[in-house]
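Worksheet: the structure to be examined is printed underneath.
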Amino acid sequence: MADDGRMSNTTGDGTRAVRAGLPEPVAHEPTMPGPVFAAHYHLPGEPAGPYTYGRENNPTWTGLEAAIGELEHPGGDTETVVFPSGMGAISAVLLSQARTGDAVVLPDDGYQALPLVRERLETYGVEVRTAPTAGDAQLDVLDGAKLLWIETPSNPGLDVCDIRRLAAAAHDRGALVAVDNTLATPLGQRPLELGADFSVASGTKALTGHGDVLLGYVTCRDPELAAAVRLWRKTAGAILGPMEAWLAHRSLSTLQLRVDRQAATALALAEALRERPDVTGLRHPGLPDDPAHRMAKAQMRGGRFGCVVSFTLPDKDRAERFLAALRLVDDATSFGGVRSTAERRGRWGGDAVPEGFIRFSVGVEDTADLVADVLAALDEAARG
Ligand SMILES: *Cc1c(COP(=O)(O)O)cnc(C)c1O
């Protein structure tokens with residue numbers, strides 16, 4: 001370990017993940033301290049940190065924030081601010097940065113709740129421009145913008161854009177750059193190293209991976225940007241519970257095992273689906289002939305192209321029958337969990353997808369079992 005307790009940036013991802021954010025060994029203390037439940041701390045005399053009042057800070061957050069920072073930018077100086085959901089983190093960046101009269105660029109195919117933030121920004125007099133993720137189309141609407149928001153790979157369309165290229169163009173124009181890193185996780189992509197100012201994610205998905213915690217975070221290098229996000233958290237007062245912070249930190253120790261298994265099975269599933277005449281619009285960034293593959297391979301890490309496979313069945317009924325016929329897969333939203341889930345995305349109404357569009361999230365089941373279950377369910381759905 002480095003003198004300051006962090007591991008060097010040559011340490012392997014799995015090794016880093018099991019120790020990230022843990023304290024130095026202290027005899028007879030637990031190797032991973034439990035959650036600290038405290039609304040206030042002993043604070044004699046003049047108030048001074050690190051721990052004063054529970055809305056501002058908590059030692060269990062500190063451990064988790066250190067861990068996420070080590071994964072997002074190993075060996076680098078970063079600050080991370082955790083939130084009780086991904087939307088909490090996204091709102092904190094956009095609402096702490098954008099002022100009346102500013103222009104902000106969002107993807108038009110990003111997470112389905114982004115339009116809610118867009119409406120909020122517009123009521124505050126912020127101009128919002130959108131463009132698709134694919135083809136780096138956001139480049140065309142950058143002039144005069146204050147902040148560029150990138151989501152790559154995008155959810156649920158799985159398009160990929162060139163973070164380095166977009167970040168350089170945005171910085172040339174004086175704009176800040178935020179990347180939603182939810183789908184990739186920090187083991188699959190390191191946006192700060194590709195030029196982003198903020199790496200933002202929902203930890204509800206693959207990062208924590210058990211479908212039992214909501215979490216969000218913002219990691220940045222610039223302490224002033226981090227301070228603005230932290231002040232937003234204190235102001236909005238929407239904070240993560242210590243139990244959730246602890247569960248999330250505990251989950252990080254298996255992050256590499258989970259994302260590697262999920263990526264391998266997702267690719268195997270996508271390859272099996274490619275052979276099916278009833279499947280169209282198949283997308284997975286790991287498929288060599290996927291439109292996003294070349295760029296994904298260049299900027300994502302370790303073959304970790306994520307756990308999501310998306311595809312379209314002929315119509316809504318066929319999709320519903322398919323979901324009902326699956327034995328090993330829960331019909332549920334979200335993604336990244338250890339148990340596979342799938343849903344007909346069109347049921348929410350927020351994404352521009354066909355009625356038969358399925359977003360499939362691969363869990364950590366045995367690959368052969370999962371692929372067999374999916375193929376059997378497709379056959380059953382086709383029989384009507
Ligand atoms: C789920 C998700 C979010 C929102 O996260 P929550 O934890 O549900 O608030 C944001 N971005 C992406 C890409 C997501 O998939």
Side-chain angles (χ1 to χ4, degrees), residues 13-14 17-18 153 155-156 158 182-185 187-188 204-213 250-290 293 296 300 302-314 317-345 347 356-384:
D13 289 339
V18 294
N155 168 23
L158 301 176
T182 302
L183 201 133
T185 84
L187 295 196
T204 312
K205 316 290 169 56
L207 187 81
T208 60
H210 291 69
D212 51 11
V213 169
R250 184 179 188 266
S251 303
L252 294 183
S253 50
T254 55
L255 180 61
Q256 187 217 34
L257 299 175
R258 289 184 282 108
V259 297
D260 281 352
R261 167 69 77 94
Q262 287 169 313
T265 303
L267 181 58
L269 177 64
E271 278 167 348
L273 289 174
R274 189 160 48 184
E275 308 304 319
R276 299 285 308 200
D278 44 355
V279 167
T280 55
L282 176 66
R283 293 297 304 269
H284 176 66
L287 272 178
D289 55 356
D290 187 274
H293 183 68
M300 296 180 75
R304 299 180 183 127
F305 300 113
C307 60
V308 180
V309 177
S310 62
F311 55 95
T312 301
L313 295 177
D317 285 349
R318 181 80 77 96
E320 297 288 359
R321 288 201 300 275
F322 165 68
L323 292 171
L326 290 163
R327 304 273 178 274
L328 302 179
V329 182
D330 296 329
D331 186 347
T333 193
S334 198
F335 62 85
V338 289
R339 286 173 292 279
S340 293
T341 58
E343 72 169 334
R344 199 177 64 78
R345 194 65 185 167
R347 66 180 172 172
F357 181 94
I358 302 286
R359 185 181 68 183
F360 197 105
S361 169
V362 170
V364 300
E365 298 87 357
D366 288 287
T367 304
D369 291 341
L370 189 67
V371 172
D373 192 45
V374 170
L375 297 181
L378 285 172
D379 288 341
E380 198 174 321
R383 284 195 295 272

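The closest side-chain heavy-atom distance from T312 to V279 is not below 4.5 Å. Within the 4.5 Å cutoff, the side chain of N155 has heavy atoms near those of the R359 side chain. Residues D260 and L187 form no side-chain contact, since every pair of their non-hydrogen atoms from C-beta on lies 4.5 Å or further apart. Within the 4.5 Å cutoff, the side chain of T182 has heavy atoms near those of the F335 side chain.
In this structure a side-chain-to-backbone donor-acceptor pair under 3.5 Å is present from Q262 to G337. At distances below 3.5 Å, at least one donor-acceptor pair connects side-chain atoms of S361 with backbone N or O atoms of G336. Panel note: side chain R261, backbone V259; no donor-acceptor pair is recorded below 3.5 Å.
Of all heavy-atom pairs spanning S251 and H210, the tightest one is OG-ND1, 4.0 Å. Scanning both residues, S310 and P156, for their nearest heavy atoms gives OG-O, 3.7 Å.
Remark: the S340 side chain and the E365 side chain contain an N/O donor-acceptor pair separated by less than 3.5 Å.
For T254, the side-chain hydrogen bond (donor to acceptor under 3.5 Å, both in side chains) partners are R258, not counting sequence neighbours.
Partner of D331 under the salt bridge (charged side-chain N to carboxylate O under 4.0 Å, His left out) criterion, chosen from R339, R347, R345: R347.
No more than 12 heavy atoms of other residues, nucleotides or ligands shown are found within 6.0 angstrom of CZ on R250.
The side chain to side chain donor-acceptor pair (under 3.5 Å) analysis of residues 276-285, with sequence neighbours excluded, yields the pairs D159-R283, R276-D278, R276-D379, R283-D290.
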